[in-house]
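Since this is a predicted model, take the numbers as computed values, not measurements. Letters go in sequence order (proteins before strands), and every chain restarts at 1. Computed over heavy atoms, backbone and side chain alike; hydrogens, waters and symmetry mates excluded.
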2 protein chains.
Amino acid sequence: MTDGAGLSDRELRTWRTFLGVATVLNQQVEQQLKDTAGLSHPQYEVLARLSNAPDGELRMTELAGIALTSKSGLSYQVAQLEKAGLVQRRPCATDERGIVAVLTEAGWAKLRESAPNHLALVRSAFVESLSANEFAALTAAVDALGTHLGLTGETVTALRVQS
Amino acid sequence: MTDGAGLSDRELRTWRTFLGVATVLNQQVEQQLKDTAGLSHPQYEVLARLSNAPDGELRMTELAGIALTSKSGLSYQVAQLEKAGLVQRRPCATDERGIVAVLTEAGWAKLRESAPNHLALVRSAFVESLSANEFAALTAAVDALGTHLGLTGETVTALRVQS
DNA sequence: GAATGATTGTTCAAATTCGAACGACCGGCT
DNA sequence: AGCCGGTCGTTCGAATTTGAACAATCATTC
């Protein structure tokens, strides 16, 4: 049974569930980060991305691309993180226009402190809701979607919290 | 290879891809709705949910629950839609506190006009990125996730645009 | 080496989001 | 009838997001 656009009920239902699941997971992650670390999800994302980069530093534009946020949005969040002392800005050596954001020692510490709780939540709410087969199938599906949407490997690279 | 929380690289990568895919899909949908219909995604959501309800009307709280938004967020969006003439508010007959939001004729028209494009985008960016098997597996996975996250059938029910 | 078009990052206004506080009302109880 | 904990929807302020505009710098071309 399809409607005008040829989308079946089942397809539409999957789409809606997909959106709903993403929304609720985001809400839960947001909530937990706020409660246990005083960070928003975007802020955690910035810290995590930086921690994954060589020397814990990245150009603003690279960071914006990877974190899937707009340039102005990133400016704002990095300003917040700088106020909190978790990130520092310094001029880029090779490009007079550029700014590199660097994790401070406090930034590393915050990440080491908050990552375990965060990852445990991801595990319990996301990974462990699925059987091994389901999880593998989900991986294949989102990989295919990511490819079609032009998500780069960079965007998606696993984040390793160094200690 | 796992980190402190016991989340493997592969699991983390799947999580990141899942978030990235959801983000990009949302951005594309948002963009298209804005361009072709002058609606935000939340606004479209409200119209679609109403269209799916008997008589095109729902109590505010029901609508907020289904649309996965906060009460105050819904108040704001319904106010915008009312300004645009797509939705009307009227008091609830059986509960003096209650407000029911109703689709106006213009609201029905807007939805009939914008749904085909929207659904075509969902089809091309979401459904058609996957093989039939992948799509079925994704459906099973998000259903399982939705169940574990407590998403009700209501929240997720397929939306039929009536004509 | 000057000119030109693109890129970098910030700033601004406008729109949107959330949670807390609020007044109004419901329903059950006495 | 009167009380009382709970629910309904709105409003408020604060935080955040977005795109457009901007000055500064780059890089390519002439």
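Tested against B/Trp108 for a side-chain contact (heavy atoms from CB on, under 4.5 Å), the candidates B/Leu50, B/Leu103, B/Leu47, B/Leu86 yield a single pass: B/Leu103.
The phosphate of D/dT18 (OP1 or OP2) has no side-chain N or O of A/Ser72 nearer than 4.0 angstrom. Contact between the side-chain N/O atoms of A/Ser75 and the OP1/OP2 oxygens of D/dT17 is not found at any separation under 4.0 Å.
Comparing D/dG19, D/dT10, C/dT10 by their closest approach to the side chain of B/Met60 singles out D/dT10. Ranking C/dT8, C/dC26, C/dT16 by closeness to the B/Gln80 side chain, first place goes to C/dT16. Among C/dT17, D/dC26, C/dC26, the nucleotide with an atom closest to any side-chain atom of B/Gln77 is C/dT17. In the set D/dT10, C/dC25, C/dT16, C/dT16 carries the atom at the smallest distance from any side-chain atom of B/Tyr76. When each of C/dC25, D/dT10, C/dT16 is scored by its nearest atom to the side-chain atoms of B/Gln43, the top-ranked nucleotide is C/dT16. When each of C/dG19, C/dT8, D/dG9 is scored by its nearest atom to the side-chain atoms of A/Arg59, the top-ranked nucleotide is C/dT8. Out of D/dT10, D/dT18, C/dT10, the shortest distance to the side chain of A/Ser70 is found at D/dT18. For B/Pro42, the listed nucleotide lying nearest its side chain is C/dT17; candidates were C/dC18, C/dT8, C/dT17. For A/Arg97, taking side-chain heavy atoms from C-beta onward, the closest of the listed nucleotides C/dT10, C/dC18, D/dA24 is D/dA24.
For A/His41 against A/Glu30, the heavy-atom pair with the smallest separation is CB-OE1, 3.2 Å. Of all non-hydrogen atoms in B/Ala67 and B/Glu45, the two that sit nearest each other are CB-CG, 4.3 Å.
No contact: A/Ser40 has no heavy atom under 4.0 Å from any strand. Counting non-hydrogen atoms under 4.0 angstrom, A/Gly73 reaches a base of the nucleic acid.
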Verify side chain to side chain contact (heavy atoms under 4.5 Å, CB included) between A/Leu19 and B/Leu25, making sure each step is shown before the conclusion. CA-CA 9 Å; A/Leu19 284 184; B/Leu25 283 173; 5.8 Å; no
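Rounded to whole Å, the distance from CG on B/Asn26 to C1' on D/dT17 is 14 Å. In this structure, the CZ atom of B/Arg89 is 16 Å from the P atom of D/dC8, given to the nearest Å. With rounding to whole Å, B/Ile99 atom CD1 is found 14 Å from D/dT11 atom C1'. Between the CG atom of A/Asp35 and the C1' atom of C/dG19 there is a distance of 13 Å, given to the nearest Å. Here C/dC18 presents its C1' atom at 11 Å from CD of A/Gln27, a figure rounded to the nearest Å. The CG atom of B/Asp95 sits 15 Å away from the C1' atom of D/dT10 (whole-angstrom rounding). Here the P atom of nucleotide D/dA14 and the NZ atom of A/Lys83 are 14 Å apart, to the nearest Å. For the pair A/Glu30 CD and D/dT16 P, the interatomic distance rounds to 9 Å; values are reported in whole Å.
Residue A/Lys34 is the one, among A/Lys71 and A/Lys34, whose nearest nucleotide of DNA chain D lies closer to the 5' end (criterion: closest heavy atom). For the pair B/Thr94 and A/Leu74, both in contact range of DNA chain C, the more 5′-proximal nearest nucleotide belongs to A/Leu74.
Under a 4.0 Å N-O distance rule, the pair A/Glu105/A/Arg112 qualifies as a salt bridge.
Between B/Phe18 and A/Phe126, the ring planes are tilted. Angles from 30° to 60° get that label.
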